[in-house]
Amino acid sequence: MVLKVFFPSCCSSAESGILIGRWIPEQSSAVILAVVHFPFIPVQVKQYLREVQQVTKVSVSVLGSWNNSKQEKEESLSEFLEDLGTIFSHEPWIQISKEGDSKFWNCSTLQKQPDNHREEEIILVYYDQRKVMLSHLHPPSDTADLGAEDASKLSAIFNTVASSKVLFMTDRYDDGPIKMTHWQSDGIEASIIVELMKQASVPACMLLTFLLSLVSGVCNSRVLKFWPLSFLWSKLSTCEQLGHRLQHLQVISSSKKAQNQTQLMRKANIFVSLLIDVALGILLMSWLYRKNQIGHLADTLIPVADHVAEELQDLLQWLMGAPAGLKMNRALDQVLGRFFLYHIHLWISYIHLMSPFIEMILWYVGLSACLGLTVALCILSDIIALLTFHIYCFYVYGARLYCLKIYGLSSLWRLFRGKKWNVLRQRVDSCSYDLDQLFIGTLLFTILLFLLPTTALYYLVFTLLCLLVVIVQGLIHLLVDLIDSLPLYSIILRFCRSYRLAAGVKFRVLEQQDGKPLRLLMQLHPCRHPSLVLPLSMGTGELKQESRKLVTQESMGTGEQKTGHSSVGKRKIQLLKKQCLCACFYCLCLFCD
Amino acid sequence: MEERRYRSASGAPLALRCRQHSASCRELAVRCPRLQLRSLSAVTSAVWLAAYGLFVLCQNSMVLSAAIFLTLIGLIIYLHFVKIDQESLLVIGSLGIQVTSSYASGKESTTFIEMSQVKDVVINEAIHMDPQDPQGVSEVVPLFQSSQPRLDCLIEVYKSCHEILDQRKAASQSDGVK
């Protein structure tokens with residue numbers, strides 16, 4: 001079988017020595033992790049490797065020799081390196097030698113069992129140790145018990161390099177007995193900021209957990225669970241968003257370390273999203289409190305509410321007349337119109353009562369923008385809902401009236417045809433009615449039928465208005481959900497450190513020379529699909545939940561009656577068709593009689 | 001390294017380049033015809049003539065600048081996302097198969113499939129997926145989708161690939177015998 005040697009590109013210019021790494025017999029590949037230089041004592045090297053093996057659970061051993069001769073080929077050194085093969089018994093013993101600055105290296109193997117006379121081909125694959133170590137292409141630990149045939153070969157190699165972290169902790173400034181060359185041998189890569197943050201994160205997390213437990217204790221107390229208050233909290237989207245953010249903070253401040261890659265990315269994404277949110281919120285606050293913007297806002301709020309009320313009054317006057325040329329039932333029209341006009345009058349009086357306090361309320365509410373831009377947007381959406389509460393009330397009245405009418409009409413229509421709804425059997429059965437039952441039923445049916453257009457028109461108009469408000473609220477909530485669930489950390493990582501989110505490898509064939517082993521360069525391939533970036537963030541489950549919440553919010557806004565609407569909706573269309581036909585026929589009968 | 005001329009399914013001239021890097025590594029590259037200056041000039045002139053006609057109608061010079069902008073953007077998008085220059089197959093015995101498409105703007109998109117996940121390389125006229133396939137074929141990866149070479153070129157590629165894939169089978173069989 002072809003022998004594959006994975007050689008780190010950082011060791012290309014290392015001094016002569018022996019190669020240590022992992023030999024994977026099933027794939028006939030040798031992953032070289034470091035080069036140990038002379039002078040060394042073989043016993044110490046073996047003991048060190050045993051210690052490393054205990055910590056990392058990776059079977060690290062001496063694989064071969066590396067000869068980097070700057071001058072002419074030194075015969076004695078190569079003899080010495082061959083003899084080392086007898087001290088560190090490894091099968092096969094790999095010998096790599098490089099002459100001067102030549103790109104083409106000699107690679108050969110020494111087999112102990114001479115029965116293997118096959119001329120084995122050797123492939124030399126260069127890899128960037130740092131990037132391979134930091135990428136997360138290897139499978140998580142729970143799939144480690146899969147068979148060797150199932151596991152991906154390359155992921156075994158990536159896993160080897162990533163698990164051998166402790167091997168890369170010694171650099172050349174350490175005074176140990178063993179001198180090695182690997183990617184960190186020129187000095188361990190660390191950042192003061194990262195170290196400081198790691199040190200500060202533990203007490204910060206504990207403080208945050210304590211504060212959060214206090215806040216959640218207050219929130220869950222019995223006082224706030226009484227019926228009117230709990231109903232209010234469930235309706236206000238601000239409370240929902242605050243609860244959501246509280247949950248996020250709990251995830252971040254938990255003292256347990258992240259188990260696997262997805263959890264770590266999720267935490268990082270939540271953290272970045274919170275930071276950006278608070279930064280934008282503080283920016284908004286600084287804009288609001290500068291040049292008395294709050295005062296301007298408060299000053300325009302009352303005229304806007306007045307304007308909306310005036311427009312509604314005009315609309316009702318139009319409905320009370322002959323809207324779009326349709327002829328309405330005058331009495332019902334006047335009753336409904338005056339009822340709604342009175343409502344608007346009440347609403348405007350309440351708004352005017354509140355007007356001196358508006359500025360103060362807005363000033364204190366604006367302070368909560370420091371909790372984040374999402375909270376500010378939710379407050380805006382709630383203010384819109386409160387200001388257009390009368391439109392919502394009208395919609396509810398119109399919908400209930402219409403629903404009652406449809407129920408009545410369907411039931412009386414069944415009576416008109418001599419049938420009855422059997423509740424036990426959930427079907428329509430025939431039934432014999434008395435004459436006076438039929439007479440009154442038909443009379444009521446006629447009345448309801450001819451009052452239908454008026455009610456339907458009011459229902460239609462106010463549903464459309466309510467839909468408009470719900471659409472505006474929905475857009476704001478969409479923006480809030482976007483800020484909540486955008487995986488900014490993953491996106492930044494994809495553009496700045498794309499090897500961390502590597503989705504695959506790429507091989508490039510380097511210059512070849514006859515007689516020398518095949519040289520390949522293994523590069524990490526950044527992931528192109530956004531689907532790989534998104535699940536690493538908030539989890540697709542959360543995104544789906546958010547979108548489902550939005551859809552149900554919008555549909556809830558238009559279909560408040562859960563009991564009536566779904567069942568009525570299906571029967572409504574069939575009923576309407578039947579009703580139209582029968583109404584025409586009945587009118588003809590009435591007029592001809 | 002040898003280069004042979006073939007034709008694509010639509011009649012355009014293709015060049016197949018077969019390069020043997022070592023005993024178990026072979027690279028097969030199909031080069032598609034380059035972007036012709038003729039067609040580029042024709043499309044650009046047509047777009048600009050249309051824009052000039054619109055300008056004469058509505059006397060708004062924004063139409064002309066919009067046309068230039070659109071032509072540039074369209075050309076960049078075409079070169080970077082649509083026009084494939086070369087499709088190559090790198091077969092490395094015992095490592096895997098790498099499929100590369102290089103676009104006219106220099107962008108390269110590569111996919112590497114490990115040898116353990118490769119069942120076979122076949123020439124197929126129609127693909128019929130059996131949902132209860134006992135051998136568990138999970139994915140069919142079509143090659144040379146954009147250059148679409150004809151059967152004679154595909155047979156050459158097939159033979160070259162199988163020379164290396166059969167080595168793998170022979171090696172695994174001999175290991176099994178041992």
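The sequence lines fix the lettering, A, B, ..., with proteins before strands; numbering per chain opens at 1. Small disclaimer: the values here were computed from a predicted structure and weren't measured.
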K.L.:
What do the steps show when you test A:Ile123 against B:Ser24 for side-chain contact (heavy atoms from CB on, under 4.5 Å), and what is the final call?
P.N.:
CA-CA 9 Å; A:Ile123 299 182; B:Ser24 67; 4.1 Å; yes
K.L.:
Roughly how far, to the nearest 0.5 Å, is the CD atom of A:Gln27 from the CG atom of B:Leu95?
P.N.:
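B:Leu95 atom CG to A:Gln27 atom CD measures 9.0 Å (nearest 0.5 Å).
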K.L.:
Taking atom types as modelled, find out whether B:Ser22 and A:Glu121 have a side-chain donor-acceptor pair closer than 3.5 angstrom.
P.N.:
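Yes, side-chain donor-acceptor contact under 3.5 Å.
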K.L.:
What residue among A:Leu520, A:Val2, A:Val509 forms side chain to side chain contact (heavy atoms under 4.5 Å, CB included) with B:Ile92?
P.N.:
A:Leu520
K.L.:
State whether the number of non-hydrogen atoms from other residues, nucleotides or ligands found under 6.0 Å of A:Arg497 atom CZ is greater than 12.
P.N.:
no
K.L.:
Distance from B:Ser109 atom OG to A:Lys506 atom NZ, nearest 0.5 Å?
P.N.:
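Separation between the atoms: 9.5 Å.
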K.L.:
Would you compute the distance between atom CD of A:Gln512 and atom CZ of B:Arg19 and round it to the nearest 0.5 angstrom?
P.N.:
8.5 Å
K.L.:
Considering all heavy atoms of both residues, which atom of A:Phe507 and which atom of B:Leu90 are nearest to each other, and what is their separation?
P.N.:
O-CD2, 4.1 Å
K.L.:
What's the separation between atom CE in A:Met522 and atom CZ in B:Phe112, rounded to the nearest 0.5 Å?
P.N.:
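Taking CE in A:Met522 and CZ in B:Phe112, the distance rounds to 9.0 Å.
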K.L.:
Would you mind checking which part of A:Lys4 comes under 4.5 Å of any heavy atom in chain B, side chain (CB onward), backbone (N, CA, C, O), both or neither?
P.N.:
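For A:Lys4, side-chain heavy atoms alone lie under 4.5 Å from chain B.
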